[in-house]
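In each ligand, atom 1 is the first atom listed, and ligand 1 is the first ligand listed. Count residues from 1 along the sequence.
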Amino acid sequence: MELPICSICRKREAVTYQLHTHLALCKECFVNDIIKRVENEIKKYRLINQNEKVLLAISGGKDSYTLLDVMSKIHDPSKLVALTLIEGIEGYNRDDVLDSIRIKTRSLGIDHIVLTLKEVVGASVDDFVRGIKYRGINISPCTYCGIARRRAINIKARELGVDKVATAHVLDDEAQTYVMNLLRGDMTRLVQAHPRGPQLSKLFVRKVKPLRKVYERETAIYAYLHGYKFQERECPYIIHRPTLRARIRDFLYRLELERPGSLLKLVEALDETLDNYVLNYHKLPELPRCRICGEPTSYDRDLCKFCELLISAGLI
Ligand code: FES
Ligand code: ZN
């Protein structure tokens, strides 16, 4: 069977079909298109400037592989440092993924730091699960995992003195976050998902999401075309994932399948709608500090969510 010709260069054989544009693309044009979209997003919202030092949060999945590879092409690799956090979940050992990331970062000339959650924030996900089980409390391990990872990344970013933290959140994640916060009526979180969202504490290192206009399925193709073997294993706690986000994810996937490009339009429309509105949130005062750990917490709390979780699990 003859392969179609790339719709962009009209020279090479196409290796993939871009659903949302109906274009058949060769590897080179596909990769160039992803890089261009990331660069446009960075430029449009001034996410990162040339001289800044950036910490890349790399889990080892297809999204973070794409982030690593694309960033190394558009930013000086000596100004990039990769961080991988090991959650501490029995049976969820990612040694093979770590090896692949090590080889990749070395070949790109990017420093790679590997740390356990326990080393940085004092408790692994399994420590937390043991604690709540013992006390008969029902809190999803993912809640702790997400909050502890964010905390650990921010602490490390501060220690390293980087200007920005880049995470591998993709378009699908952004669409879910927007819809979830709309359904909850949580305006503060809604504007925080915007690329110009307010920085509510000096203690937070600014987070950016360079892949926010790239579909998850595109990162799978990107990793595959580069021969990267990404992690297929699932976290054993996946069944405890909070249900609202899981439902929204399923709903949005179905919608995207029926009408390719819907998620991109949704995120673009909300970005634009919120563009001026976010500025009102820049005037908010600095967040208060947690009475136990001293890290920022929400306006109406004196303990942060992280310390509350550790208390629930009997870990402090
Ligand atoms: Fe691993 Fe939630 S803690 S999926
Ligand atoms: Zn605290």
**Request:** Using the six-membered ring wherever Trp is involved, compare the ring planes of Tyr281 and Tyr277 and label them parallel, tilted or perpendicular (cut-offs 30° and 60°).
**Result:** tilted
**Asked** Taking atom NE2 of His169 and atom CG of Leu67, what is their separation to the nearest 0.5 Å?
**Response** 11.0 Å
**Request:** In plain terms, say whether Glu174 and Lys213 are close enough for a salt bridge, that is, a side-chain N and a carboxylate O under 4.0 Å apart.
**Result:** no
**Asked** Is the closest side-chain donor-acceptor distance between Asp76 and Ser78 under 3.5 Å?
**Response** yes
**Prompt:** Any idea which protein heavy atom is nearest atom 1 (Fe) of ligand 1, and the distance to it?
**Reply:** Cys235 SG, 2.2 Å
**Message:** Angle at the Zn ion (ligand 2), SG of Cys307 to SG of Cys293, rounded to 10 degrees, please.
**Reply:** 110°
**Prompt:** Quick one: does Val125 get a heavy atom under 4.0 Å from ligand 1?
**Reply:** no
**Prompt:** At the Zn ion (ligand 2), what angle lies between atom SG of Cys290 and atom SG of Cys304, rounded to 10 degrees?
**Reply:** 120°
**Asked** Do the charged groups of Arg158 and Glu295 touch, with an N to O distance under 4.0 Å?
**Response** yes
**Request:** State whether Cys142 contributes an N/O/S atom found under 2.8 Å from atom 2 (Fe) of ligand 1.
**Result:** yes
**Prompt:** Which atoms of ligand 1 sit under 4.0 Å from any heavy atom of Ile238?
**Reply:** 4 (S)
